[in-house]
Number of protein chains: 2
Amino acid sequence: MYCQPVPRTADPDVRLRLVERAAAMLAARETVTLRSLVEGTGASTMAVYTHFGGMPGLWRAVRQEGFTRLHERLARVPRTADPVHDVAALAVAYAANALDSPALYRAMFDAVADLEDPAGADRGLALLVAAAARARDEGRLAPAADPSAVATRLWVAGHGLLSLVVQGVLPADVVPAHSVETAVALLTAAGDDPGACRASVARAWALGSGADTGSVGTGE
Amino acid sequence: MYCQPVPRTADPDVRLRLVERAAAMLAARETVTLRSLVEGTGASTMAVYTHFGGMPGLWRAVRQEGFTRLHERLARVPRTADPVHDVAALAVAYAANALDSPALYRAMFDAVADLEDPAGADRGLALLVAAAARARDEGRLAPAADPSAVATRLWVAGHGLLSLVVQGVLPADVVPAHSVETAVALLTAAGDDPGACRASVARAWALGSGADTGSVGTGE
DNA sequence: AAGCATTGCATAGCAATGCCATGTATTGTC
DNA sequence: GACAATACATGGCATTGCTATGCAATGCTT
């Protein structure tokens with residue numbers, strides 16, 4: 001294969017280009033191989049080795065990019081006067097992110113224990129923990145409720161649902177109803193009033209479909 | 001590589017041998033390649049193609065075997081007078097199965113939509129649905145509760161937890177506590193009495209650690 | 001019982017993959 | 001302006017999944 005002699009200085013950031021191209025190929029359902037990845041970028045296969053040390057390193061960077069995008073999306077969720085609504089809104093954004101790029105979501109959790117910056121993946125969860133803590137502090141959850149535990153349960157349940165949807169086991173249209181029921185169960189168990197809880201959670205999902213946080217249900 | 005001229009008749013079942021060897025290699029954390037798989041079985045690489053059509057077919061058979069073993073384990077869970085306890089006992093067996101062979105569990109859900117017999121994977125869930133239906137019929141859950149929906153929520157949450165544990169994101173020792181809290185929340189939301197529900201679920205997990213259904217907590 | 005098609009597999013070789021040794025061009029520094 | 005360091009292109013290597021070919025054993029047919 002011939003690579004045009006692109007000037008050295010015109011090299012904004014090969015790392016970024018390669019990671020984004022890998023993510024784009026994932027989204028396009030193309031198989032990402034070393035050679036198919038560099039094809040079209042004007043780079044040779046060695047670029048992958050100088051920047052990532054090999055294909056495992058590239059995948060690590062791709063997963064990191066996935067968690068970065070997830071965090072950015074979660075951070076865009078506005079804070080309202082209803083903390084339980086905000087907890088659910090974070091779940092909506094999480095689901096929308098996964099359904100918008102299911103292949104990337106799969107790749108993220110393919111070897112999620114192997115990341116460049118493991119703390120980066122925790123930052124998203126931290127937003128959920130903070131929202132849960134606010135719900136407790138404002139009296140919606142029981143004073144003894146552990147925000148970290150509640151957030152973890154929500155995240156674990158959401159991940160289970162989305163990983164199964166992303167793999168085609170469950171259809172995408174079950175996500176809202178399933179999420180609402182599970183979230184209401186977990187948050188009610190944490191002390192919230194059942195009726196108020198359902199209202200808050202349902203409102204987040206109703207708003208989520210079509211809002212700028214990304215619509216849920218247009219996945220795959 | 002030399003393969004001893006084993007007599008043709010002495011061929012109990014190459015399919016079974018290959019699938020079991022693949023599962024054993026997964027458990028031993030060895031990478032399963034076409035050649036490393038057949039090595040030691042006295043078979044050549046062609047056996048994989050005559051029986052499975054290729055490596056994807058082998059993996060399909062391995063996943064099927066995983067779901068078969070899971071179903072056998074779930075079917076061994078005895079039925080007691082407490083249907084909510086039985087629901088939780090199925091969850092205990094499910095978790096024990098996953099933690100006993102984490103690599104197989106990962107492989108099962110690696111492409112779970114691609115199975116020889118998709119209905120085989122549903123048979124395990126059917127046991128959980130039946131237990132939930134009994135809990136409703138015996139008055140533990142609300143009459144309007146949908147056993148299928150309740151079972152699915154339990155399974156989805158359990159899968160989320162176990163897939164994260166199996167990948168090293170969460171430690172295995174959080175499984176019992178997390179499972180109890182989530183199951184109590186979901187079953188209480190379905191209508192069970194909070195106190196009775198917690199007692200039933202906690203008893204199942206207390207018995208599960210060390211019973212012949214397989215101990216939970218000795219994973220990896 | 002002899003011929004013959006079928007089945008199951010061993011051998012060997014192919015294309016593609018990830019990886020790396022080597023050489024080379026560009027950049028920054030003194 | 002020489003020099004070291006960096007970044008990358010080239011080419012080749014081992015391994016992977018796969019398959020074309022041939023052979024041996026089995027079972028059916030007559």
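The structure displayed is predicted, hence computed values, not measured ones.
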| Of the non-hydrogen atoms in B/N97 and B/R73, which two are nearest, and what is the gap between them? | CA-NH1, 3.5 Å
| If you look only at pairs with a residue in residues 30-63 of chain A, which of them pass as a ring-ring contact (aromatic ring centres under 6.0 Å, His included), with sequence neighbours excluded? | none
| remark: Between CG of B/L34 and P of C/dA12 the distance, given in whole Å, is 16 Å
| query | Which of residues 46-60 of chain A have a heavy atom under 4.0 Å from DNA chain D? | reply | A/M46, A/T50, A/H51
| Does A/R106 reach the side chain of A/L26, with side-chain heavy atoms less than 4.5 Å apart? | no
| Rounding to a whole Å, what distance do you find between A/M25:CE and C/dT17:P? | 10 Å
| said: Going by the rule salt bridge (Lys or Arg N to Asp or Glu O under 4.0 Å), which residues pair with A/R69 if we only count those two or more places apart in sequence or in a different chain? | reply: A/E65
| remark: Looking only at D/dA9, C/dA12, C/dA10, the nucleotide nearest the B/A43 side chain is C/dA10
| Quick one: B/R35 CZ to C/dT17 P, roughly how many Å, whole number? | 16 Å
| request: Provide, to the nearest angstrom, the distance between the CG atom belonging to A/D13 and the C1' atom belonging to D/dC8. | output: 15 Å
| request: Taking side-chain hydrogen bond (donor to acceptor under 3.5 Å, both in side chains) as the test, write out the residues that go with B/S200, two or more places apart. | output: B/D82, B/R140
Identify each atom pair where a protein N or O and an N or O of nucleotides 3-5 of chain D are less than 3.5 Å apart, giving names and distance.
none

| task | Rounded to the nearest angstrom, tell me the gap between atom CG in A/L37 and atom P in C/dA16. | result | 18 Å
| request: Find out whether A/L128 and A/L74 are in side-chain contact, i.e. whether some heavy atom of one side chain is under 4.5 Å from a heavy atom of the other. | output: no
| request: Could you please spell out the steps behind the side chain to side chain donor-acceptor pair (under 3.5 Å) verdict for B/S179 and B/T182? | output: CA-CA 5 Å; B/S179 299; B/T182 303; over 6 Å; no
| query | Would you say D/dT16 has OP1 or OP2 under 4.0 Å from some side-chain N or O of B/T33? | reply | yes
| request: Only counting residues at least two apart or in another chain, list the ones meeting ring-ring contact (aromatic ring centres under 6.0 Å, His included) with A/F109. | output: A/F67, A/Y105, A/H159
